[in-house]
Amino acid sequence: MHIFRGDLTTCQSITLGQNHLDNYNVLPSQPSIIINLFNNLSMITYLAIGAAVVSLVYAIILSVLTLKNPKGSQKMVEIASYIQEGATAYLGRQSKAIAVVAIVIFLILAFSFKENGMLLAGGFLLGAFFSGLAGYIGMSISVRANVRTAEAAHKGLAKALKVAFMGGSVTGFSVVGLSLLGVSGLYLIFQKVSGLGFAQVPQLLIGFGFGASLVSLFARVGGGIFTKAADVGADLVGKVEAGIPEDDPRNPAVIADNVGDNVGDCAGMGADLFETYAVTLISGMILASSVIGTQSSIEYPLALGIIAVFASIFGSFFVRLGKKKNIMGALYNGMIATGVISAIGFYFVTDYMFHDIYIFFASLVGLAVTLLVTVITEYYTSTEYGPVKEVAQASVTGAATNIISGLAVGLRSTFAPVLVIVAAIVSSYMLGQNSSLANGIYGIAVAAIAMLSTTGMVIAVDSYGPITDNAGGIAEMAGLPKEVREHTDALDAVGNTTKAVTKGYAIASAALAALVLFQAYTEVITKSNNGVPLSFDISNYLVLVGLLLGGLLPFVFSSMAMSAVGRAAQQVVQEVRRQFREIKGIMQGTNKPEYGRCVDIVTKAALKEMILPGILAVTSPIIVGFIFGPLALGGLLVGVIVAGLLLGLQMCTGGAAWDNSKKYIEAGTHGGKGSDAHKAAVVGDTVGDPFKDTAGPALNALIKVINTVALIAGSLIATHHIL
């Protein structure tokens, strides 16, 4: 049987076996407009662009509604302006530094590939720009929503939650809108410009993913170094040495700390999940084009994105604080509603495009992973459950036992998520294998795409965290009433958990997406080897060399990030001590600290220290590939996926457990603030900060950068080596 497929100007013919006759109905059998749209698969791209625009428009509406809320007193506005100026200045300088690197890579890509090199390079630039824009939008709304959340806390917990979540939603829907717009728009444009069919275009989209991943890496590392150097410096001198509260305006590093929340957790997370969502979409499309080749399989990821955009918008209306004042429960309502609506939509779109229940079940696997990772991470990081209480109890006997307990919790926290990921890989593979497409890896790709499809809601829940953190700082520095700070503290404690959930979500999705990218890499190498597949056998010494080097990279990378935080924090500590010593009246509150000095220190340190980890990520797959060949590079990809996943989970979850154990003690347990247990918990939190906010989350970007570089350079490496 021959079915014609293609865009509006070209058609290609494919031959399907008899067992596929009932599964690919290109012409609709029912006179329904909706069915016509979904069966006319060339329309999927246009619908995806439309859904992306809807997401961006919704983000604009939310930003307008957020900014309509009152900003509070003049003092609150003044403090917020310091944070806003510092965050904007840092992000501007970071963008200039990244732009230099991006231009160099653009030129390399443009002139290294004879065919469509400019399209690949152009996609890279657009991916880098959109990723940076996603981060900037997140930071921009966060530094404006923080003061409004603090003011809303005067009216109660529910009002403050509403404002903070609304501000976080702007980031979520901007990220998803930009990502879906970039992928679907380039997919359409490249077909028109290159003259290639839909089956060849996805390979060009990897440039967009590479640009997004590179900016995400720099944003995560640079923002993480900034925020944690300021935070560690502020805590060590302010809380430990001087004995003053967190966010006390007498601390010279307090503004830098609050700025860091925005450039790290908002701008960094925005860029991070932008690239995660984009790369997952692209990897699924590339895999489909390589091993299946049907237009439905290639465009199905876009269709899932369309459904999830509208599901996330509807789900956002379910975030409401109930009578029990359960903040996490309110956020869960939104996530569950989004998942249920997405599942319903996935059923119909899968039925119309494939008439295959197994592909639909694979999409449900992805939604289930999101829910399970969320619940598991909450268990390990919430003050309501055993692990955090265990770390708090260990603080009673000192800092050493606190750190031992925190490390143990972090290591233990890898167990359940990995089992969930393993179960997801096995089940989605079997579903894909039993489907009409008869491809297990595509089943995994569908699960990963479905998992990432609800990114808008996940980011909204995450970005709410730094907004409430800043709101608490503003409330403290502005001397707002005790009940206001109680409301912001309650929101902030949950915010630590939601931030940890999002990091676990991103890292778990990275494992699934990277597995799909690895399969795409093997397809590229196979084509370069005249269609003969390579065997990545561990008994082959080259594969083993690659595995060891790949497993090593996350540790070396994390060491660079942690050391950078330590060096920058030492400078902050020395500066804060100097100001306490030399500027009279700071401790009495009669003279203001020089906040700008600490902001400048961490800005320079972050911009300087983020370069080397970025170079390591980009060059390591190229060096290994050209020296040892494609077999070793394949081993490296597997090694970095496994080690990066485990180390990332351990760092992110363990760091969050340290942080919330401190907050648990501050709430009055084990002597409360100022007790010996509290001092020990502060030390543990200080150690955990660069774990959870610098090295840990950046491993997600490291995994993606290495895999995308390998995919781009795969054909060149295969040509260089005789296979």
Side-chain angles (χ1 to χ4, degrees), residues 51-73 76-77 80-81 83-84 87-88 133-178 180-181 261-262 265-267 269-270 273 308-322 327 330-331 333-335 337-338 341 454-472 474-475 484 487-488 491-492 494-495 498:
V53 172
V54 169
S55 185
L56 292 172
V57 169
Y58 186 58
I60 293 172
I61 294 171
L62 289 174
S63 66
V64 171
L65 294 175
T66 301
L67 297 179
K68 280 187 175 181
N69 288 281
K71 295 185 284 187
S73 66
M76 293 169 65
V77 173
S81 69
I83 299 171
Q84 184 176 335
T88 304
L133 180 60
Y136 182 82
I137 290 172
M139 181 277 298
S140 181
I141 193 63
S142 175
V143 296
R144 291 169 172 81
N146 53 13
V147 67
R148 290 168 170 84
T149 301
E151 176 62 18
H154 283 96
K155 299 179 181 179
L157 194 61
K159 179 64 175 177
L161 172 62
K162 181 180 179 180
V163 175
F165 179 73
M166 195 182 300
S169 297
V170 175
T171 306
F173 289 101
S174 298
V175 167
V176 170
L178 287 171
L180 191 58
L181 179 64
D261 291 332
N262 296 284
D265 286 327
C266 283
M269 177 55 75
L273 281 183
V309 163
F310 293 101
S312 297
I313 290 174
F314 285 117
S316 66
F317 293 106
F318 286 83
V319 179
R320 294 289 183 272
L321 196 65
I327 300 169
L331 298 174
N333 289 340
M335 296 183 70
T338 299
I341 297 169
T454 58
T455 292
M457 176 57 67
V458 173
I459 297 178
V461 170
D462 172 83
S463 295
Y464 135 96
I467 291 173
T468 57
D469 193 352
N470 266 200
I474 292 171
V484 172
H487 290 154
T488 58
L491 293 169
D492 183 27
V494 173
T498 62

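Residues: numbered from 1 along the sequence shown. Bear in mind that the values here come from a model prediction, so they are computed numbers and not experimental data.
A distance of 11.0 Å separates OG1 of Thr455 from CG of Asp462, quoted to the nearest 0.5 Å. Within the model, atoms CE of Met76 and CD1 of Ile474 stand 6.5 Å from one another, a figure rounded to the nearest 0.5 Å. To the nearest 0.5 Å, atom OG of residue Ser169 and atom CE of residue Met457 are 6.5 Å apart. One finds the CG atom of Leu273 at 4.5 Å from the CD1 atom of Ile459 (value rounded to the nearest 0.5 Å). Remark: Phe318 CZ to Leu331 CG distance equals 14.5 Å, nearest 0.5 Å. Going from atom CD1 of Ile313 over to atom OG of Ser55 covers 6.0 Å, rounded to the nearest 0.5 Å.
The shortest side-chain heavy-atom distance between Asn333 and Arg320 does not fall under the 4.5 Å cut-off. In this structure the side chain of Met166 reaches within 4.5 angstrom of the side chain of Leu65, judged on heavy atoms. At least one side-chain heavy atom of Phe165 sits less than 4.5 Å from a side-chain heavy atom of Ser316. When side chains are defined from C-beta on, Met139 counts as touching Thr88, because their heavy atoms get closer than 4.5 Å. Taking 4.5 Å as the limit, some side-chain heavy atom of Ile137 sits within range of a side-chain heavy atom of Leu178.
For Tyr464, there are no ring pair (Phe, Tyr, Trp, His ring centres under 6.0 Å) partners, not counting sequence neighbours. Applying the side-chain contact (heavy atoms from CB on, under 4.5 Å) rule to Val77 yields the partners Lys71; only residues at least two apart in sequence or on another chain are considered. Partners of Asn69 under the side-chain contact (heavy atoms from CB on, under 4.5 Å) rule, at least two apart in sequence or in another chain, are Arg148, Lys159, Val163.
Of the possible donor and acceptor atoms, one in the side chain of His154 sits under 3.5 Å from a partner among the backbone N and O of Glu151. Checking side-chain atoms of Thr498 against main-chain N and O of Val461 turns up a donor-acceptor pair under 3.5 Å.
Inspection of the Asn262 and Ser142 side chains reveals an N or O donor paired with an N or O acceptor under 3.5 Å.
Of all non-hydrogen atoms in Val147 and Ala80, the two that sit nearest each other are CB-CB, 3.8 Å. In plain terms, the two heavy atoms of Thr171 and Gly138 that are nearest each other are OG1-CA, 3.2 Å. Among all heavy-atom pairs drawn from Leu56 and Ser174, the shortest one is CD2-O, 3.7 Å. Gly270 and Ala134 make their closest contact through O-CB, 4.1 Å (heavy atoms, listed as atom of the first residue, atom of the second, distance). Of all heavy-atom pairs between Val319 and Gly334, the closest is CG2-CA, 3.7 Å. When every heavy atom of Ile467 is checked against every heavy atom of Gly168, the shortest pair comes out as CD1-N, 3.6 Å.
Between Tyr58 and Phe173, the ring planes lie perpendicular to each other; the angle is over 60°, past the 30° to 60° tilted range.
Results of the side chain to side chain contact (heavy atoms under 4.5 Å, CB included) test with Leu161 over Thr468, Thr149, Leu491, Val494 single out Leu491 as the only residue that passes. Partner of Asn146 under the side chain to side chain contact (heavy atoms under 4.5 Å, CB included) criterion, out of Asn470, Thr488, Ile141, Asp469: Asn470 alone.
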Candidate pair Met335 and Thr454, rule side-chain contact (heavy atoms from CB on, under 4.5 Å), full reasoning: CA-CA 8 Å; Met335 296 183 70; Thr454 58; over 6 Å; no
